[in-house]
2 protein chains.
Amino acid sequence: MGVTKMSLHTTEQIEIAEIAKVLAHPARVAILQYISKQEGCICNDIVDEVGLAQPTISQHLQVIRKAGLLKGTFEGRNLCYCLDVDRFKELQKTFTSFFNTTSASCC
Amino acid sequence: MGVTKMSLHTTEQIEIAEIAKVLAHPARVAILQYISKQEGCICNDIVDEVGLAQPTISQHLQVIRKAGLLKGTFEGRNLCYCLDVDRFKELQKTFTSFFNTTSASCC
DNA sequence: AAGTAATATTGCAATATTACGATGAATAAT
DNA sequence: ATTATTCATCGTAATATTGCAATATTACTT
């Protein structure tokens, strides 16, 4: 079916899965790394950097944006994409908490 | 196409994406949480716990197993699934490192 | 041996994701 | 004004994911 049965899961589980989905593609990981590296807040050199077609990058950016991780400001005709650090740290917290809670074992 | 162009990305980016993919479904998050919670190393009450059909759970377990996160030992006809804590901590380290490296911003 | 319980595997339908060419909208440059 | 540049969106093809019924497999129980 390809449809996730959301009703079965807790809000926390869904939230973790949502975050993970953003990171679940190397291109998006690359984009996040690149954006955070660029001090000058340079925009779509991302296309050159990552090596995928512009519409594809745009699509990936949308996924990142929908997760609240992107801040974009126009500078002339250039769009300057930046990481929303606050949101990013929020996600990190959620993940860290998951990893710390989920670690006991039995065998 | 639905095919990820792996050649474009670094090993680290691919690794992070692989890990994230495991966590990118609430059912798998639920399974990991449940497994780690069960001291007695109880097996497929997972089906009851998570609420999906047995083949579906089995499929999700396979994804988790392929990521090296699952240790399974047979106890009679019961299969006892446990978290591979070492591997889990490895993943945690990779993630933590990613989050810590990727945090600077510009605007 | 026959029946039952626990898992895995197979096959398939529905949907989601990934990638890109074509196109569109906005702005800068000429 | 015309053209070029930057980015988003649309449409579409290829592939992946999710979910389950049916079936297979294995091992315990009787």
Side-chain angles (χ1 to χ4, degrees), chain A residues 1-9 13-14 17-31 34-35 38 40-67 70-82, chain B residues 1-9 13-14 17-31 34-35 38 40-67 70-82:
Chain A
M1 297 184 170
V3 171
T4 297
K5 284 192 169 177
M6 288 304 190
S7 55
L8 295 173
H9 312 109
Q13 286 157 0
I14 292 171
E18 300 270 275
I19 303 170
K21 247 177 226 171
V22 177
L23 304 178
H25 195 290
R28 289 194 289 269
V29 174
I31 290 172
Y34 184 69
I35 284 179
Q38 291 311 105
C41 192
I42 291 155
C43 30
N44 273 27
D45 314 314
I46 302 176
V47 174
D48 296 339
E49 172 75 10
V50 179
L52 288 164
Q54 179 266 320
T56 309
I57 295 292
S58 199
Q59 212 170 234
H60 281 304
L61 282 169
Q62 202 182 331
V63 174
I64 300 175
R65 196 182 313 125
K66 273 184 183 161
L70 221 49
K71 279 194 293 191
T73 44
F74 277 101
E75 290 183 359
R77 68 185 163 191
N78 293 45
L79 182 45
C80 169
Y81 274 128
C82 299
Chain B
M1 297 183 168
V3 169
T4 297
K5 283 193 171 176
M6 289 304 190
S7 54
L8 297 173
H9 311 109
Q13 286 158 359
I14 293 172
E18 300 271 273
I19 304 169
K21 248 178 226 170
V22 178
L23 303 178
H25 195 291
R28 289 195 288 269
V29 175
I31 290 171
Y34 184 69
I35 284 178
Q38 290 311 105
C41 189
I42 291 155
C43 30
N44 274 29
D45 316 314
I46 301 176
V47 175
D48 296 340
E49 172 75 9
V50 179
L52 288 164
Q54 179 265 321
T56 308
I57 294 293
S58 197
Q59 214 170 231
H60 281 304
L61 282 168
Q62 203 182 329
V63 175
I64 300 175
R65 195 183 313 125
K66 274 183 184 161
L70 222 49
K71 280 193 292 192
T73 45
F74 277 100
E75 289 185 0
R77 66 185 161 193
N78 293 44
L79 182 45
C80 171
Y81 274 128
C82 300

Between C1' of D/dT17 and CE of A/Met6, the distance in whole Å
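Between C1' of D/dT17 and CE of A/Met6: 13 Å.
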Output the rounded distance in Å from CG (A/Leu8) to C1' (D/dC20).
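Distance, rounded to whole Å: 13 Å.
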Minimum heavy-atom separation for B/Gly72 and B/Leu79, please, with both atom names.
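Smallest interatomic distance, heavy atoms only, reads C-CD1, 4.0 Å.
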How far apart are the closest heavy atoms of B/Val29 and A/Ala17, and which atoms are they?
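That would be CG2-N, 4.5 Å.
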Are there any protein N/O atoms within less than 3.5 Å of an N/O atom in nucleotides 6-11 of chain D, and if so, which ones and at what distance?
| unit_1 | atom_1 | unit_2 | atom_2 | d |
| --- | --- | --- | --- | --- |
| D/dT6 | O3' | A/Arg77 | O | 3.4 |
| D/dC7 | OP1 | A/Leu79 | N | 2.9 |
| D/dC7 | OP1 | A/Leu79 | O | 3.3 |
| D/dA8 | OP1 | A/Arg65 | NH2 | 3.4 |
| D/dA8 | OP1 | A/Tyr81 | OH | 2.2 |
| D/dA8 | OP2 | A/Ser58 | OG | 2.8 |
| D/dA8 | N7 | A/Gln54 | NE2 | 2.7 |
| D/dA8 | N6 | A/Gln54 | OE1 | 3.1 |

Please test A/Gln54 against A/Ser58 for side-chain contact (heavy atoms from CB on, under 4.5 Å), starting from the C-alpha separation and ending with a verdict.
CA-CA 6 Å; A/Gln54 179 266 320; A/Ser58 199; 4.0 Å; yes
Trace of the side-chain contact (heavy atoms from CB on, under 4.5 Å) decision for B/Leu61 with B/Ile46
CA-CA 10 Å; B/Leu61 282 168; B/Ile46 301 176; 4.3 Å; yes
Could you check whether the rings of A/His60 and A/His25 sit parallel, tilted or perpendicular, using 30° and 60° as the cut-offs?
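Judged by the thresholds at 30° and 60°, the geometry between A/His60 and A/His25 is tilted.
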Which residues in residues 17-31 of chain A have a heavy atom closer than 4.0 Å to any atom of DNA chain C?
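Nucleic-acid contacts, sorted: A/His25, A/Arg28.
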At under 4.0 Å, does any side-chain N or O of B/His60 touch on OP1 or OP2 of D/dT17?
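So the side-chain polar atoms of B/His60 never come under 4.0 Å of the phosphate oxygens OP1 or OP2 of D/dT17.
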Side chain proximity check, [X] to [Y], heavy atoms < 4.5 angstrom:
X	Y	result
A/Glu18	A/Val22	no
B/Gln59	B/Pro55	no
B/Ile64	B/Ile35	no

Among C/dT15, D/dG19, C/dT18, which is the nearest nucleotide to the side chain of B/Thr4?
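Closest of the options to the side chain of B/Thr4: C/dT18.
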Which is it for B/Tyr81 and B/Arg65 under the side-chain contact (heavy atoms from CB on, under 4.5 Å) test, yes or no, and what are the steps along the way?
CA-CA 10 Å; B/Tyr81 274 128; B/Arg65 195 183 313 125; 2.8 Å; yes
Bending between helix ends of the helix from C/dA1-D/dT30 to C/dT30-D/dA1 [5 pairs per end, 10° resolution]
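Rounded to the nearest 10 degrees, the bend comes out at 10°.
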OG1 on A/Thr73 to CG on A/Asn78, rounded to 0.5 Å:
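Here the rounded value is 10.5 Å.
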